[in-house]
Amino acid sequence: QFFTPRYVVEFLTDNTLGRTWYEMREGDTVLKELCRYLVRRPNEVFLASGEKAPVSEDNDADLSQEELLKKPVYIEHLSKKDPRDIRILDPACGSGHYLLYAFDLLELIYEEAWGDLESSKSEVTGGTLQEDFETLDDLRREVPKLIVEHNLHGIDIDPRAVQIAALALWLRAQKRWKNLGLKA
């Protein structure tokens, strides 16, 4: 049996799910402070929709690492997406270590998206989170269910591992509802 160390889980999830959300929000997200392994470059420039990065005529091979770090890094435009339309697949989920950490990040993403007045409409419901949930408390009550139903998918060669991952996610949802003072 092999278990992925926590720092590897965080690094990979921070730089996939976290990075995608970071780029959709053009760096304006709480995740940039909470995802401790999120790779951010000092001179990131977010491009507007349809905008192309300027072509560099410099020969980067001759530059030192320090000089390379000072150069701007252009990030292509990534349209905002409703969290219900984000899919995470763990193709060898084991006991669900990656899925559980993604669950935690998704809780933050849902709350952040609900507060965004420029949030996009969901492909699932056709409405924004604010249209579908009147208050933030209404959303918080539904977030565990939304995450399990819409976002997280795990498969494994061992069906018992999938059962353990499913149980772990179910327990995480129960814990969230208990912390909100709700009956599961």
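With sequence neighbours excluded, the residues that form a side chain to side chain donor-acceptor pair (under 3.5 Å) with Asn151 are Tyr110.
The heavy-atom pair separating Lys32 from Leu38 by the smallest distance is CA-CD2, 4.0 Å. Between Leu99 and Cys93, the shortest heavy-atom distance links the atoms CD1-CB, 4.1 Å. Of all heavy-atom pairs between Ala168 and Ser95, the closest is CB-O, 4.0 Å. Summarising the geometry of Phe46 relative to Gly27, their closest heavy-atom pair is CZ-N, 3.6 Å, with the distance given to 0.1 Å. Shortest non-hydrogen contact noted between Ile75 and Glu23 is CG2-CD, 3.7 Å.
Counting only distance, with no hydrogens or angles, the side chain of Glu67 and the backbone of Ser64 share a donor-acceptor pair below 3.5 Å. A donor-acceptor pair is defined here as one N or O able to donate and one able to accept, closer than 3.5 Å; such a pair exists between the side chain of Arg19 and the backbone of Val39. Of the possible polar contacts, none joining the Asp85 side chain to the Lys81 backbone as a donor-acceptor pair under 3.5 Å is found. The main-chain N or O of Leu47 is never found under 3.5 Å from a side-chain atom of Glu76 such that the two would form a donor-acceptor pair. Side-chain atoms of Asp82 never come within 3.5 Å of backbone atoms of Lys121 as a donor-acceptor pair (strictly under, hydrogens ignored). Side-chain N or O atoms of Trp114 include one that pairs as donor or acceptor with a backbone N or O of Phe133 at under 3.5 Å. Asp156 contributes a side-chain N or O that, together with a main-chain N or O of Gly94, makes up a donor-acceptor pair within less than 3.5 Å. In this structure a side-chain-to-backbone donor-acceptor pair under 3.5 Å is present from Arg87 to His150. Under a 3.5 Å cut-off, the side chain of Glu131 and the backbone N or O of Thr128 do form a donor-acceptor pair. Remark: side-chain polar atoms of His97 are paired, donor with acceptor, to backbone N or O of Thr4 under 3.5 angstrom.
Remark: Met24 CE to Ser120 OG distance equals 8.0 Å, nearest 0.5 Å. In this structure, CG on Leu152 lies 10.0 Å from CG on Leu89, to the nearest 0.5 angstrom. In this structure, Gln130 CD and Leu117 CG are separated by 5.5 Å, a value rounded to the nearest 0.5 Å. In this structure, the separation between CG on Leu78 and CZ on Arg25 is 12.0 Å, given to the nearest 0.5 Å. Interatomic distance, Glu10 CD to Asp104 CG, rounded to the nearest 0.5 Å: 9.5 Å.
Between Leu136 and Glu111 the shortest side-chain heavy-atom distance falls below 4.5 Å. Under the 4.5 Å side-chain criterion, counting only non-hydrogen atoms from C-beta, Leu146 is in contact with Leu139. Residues Thr20 and Thr16 form no side-chain contact, since every pair of their non-hydrogen atoms from C-beta on lies 4.5 Å or further apart. With a 4.5 Å cut-off on side-chain heavy atoms, Trp177 and Pro144 count as touching. When side chains are defined from C-beta on, Asp14 counts as touching Tyr101, because their heavy atoms get closer than 4.5 Å. Put simply, the side chain of Leu34 does not reach to within 4.5 Å of the side chain of Leu105, judged on heavy atoms. Leu17 places a side-chain heavy atom less than 4.5 Å from the side chain of Ile86. Contact of the Glu26 side chain with the His77 side chain is registered, since non-hydrogen atoms from C-beta on lie closer than 4.5 Å.
Atom CZ of Arg160 has 12 or fewer neighbouring heavy atoms from other residues, nucleotides or ligands inside a 6.0 Å radius.
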Worked check of side-chain contact (heavy atoms from CB on, under 4.5 Å) between Glu142 and Asp132: CA-CA 11 Å; Glu142 293 296 316; Asp132 294 340; over 6 Å; no
Derivation and outcome, side-chain contact (heavy atoms from CB on, under 4.5 Å), residues Val73 and Asn43: CA-CA 6 Å; Val73 176; Asn43 298 318; 5.7 Å; no
Check against side-chain contact (heavy atoms from CB on, under 4.5 Å), Val162 and Ile155: CA-CA 6 Å; Val162 174; Ile155 56 176; 5.5 Å; no
Verdict with supporting geometry, Phe103 and Val148, side-chain contact (heavy atoms from CB on, under 4.5 Å): CA-CA 8 Å; Phe103 188 103; Val148 170; 4.1 Å; yes
Pair Lys145-Glu107, salt bridge (charged side-chain N to carboxylate O under 4.0 Å, His left out): steps then yes or no: CA-CA 11 Å; Lys145 179 181 175 197; Glu107 285 182 319; over 6 Å; no
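By the 30° and 60° cut-offs, the orientation of the rings of Tyr37 relative to Tyr7 is tilted.
Clustering ILVMFWY residues whenever any of their side-chain heavy atoms sit less than 4.5 angstrom apart, transitively, puts Val30 in the very cluster that holds Ile147. With hydrophobic clusters built from ILVMFWY side chains whose heavy atoms lie under 4.5 angstrom apart, Leu12 shares a cluster with Leu100. Both Ile88 and Val8 sit in one connected hydrophobic cluster of ILVMFWY residues. Membership requires side-chain heavy atoms under 4.5 Å apart, directly or through other members.
Residues Glu112 and Thr29 have side chains that bring a donor and an acceptor to within less than 3.5 angstrom of each other. Side-chain polar atoms of Glu44 and Tyr22 form a donor-acceptor pair below 3.5 angstrom.
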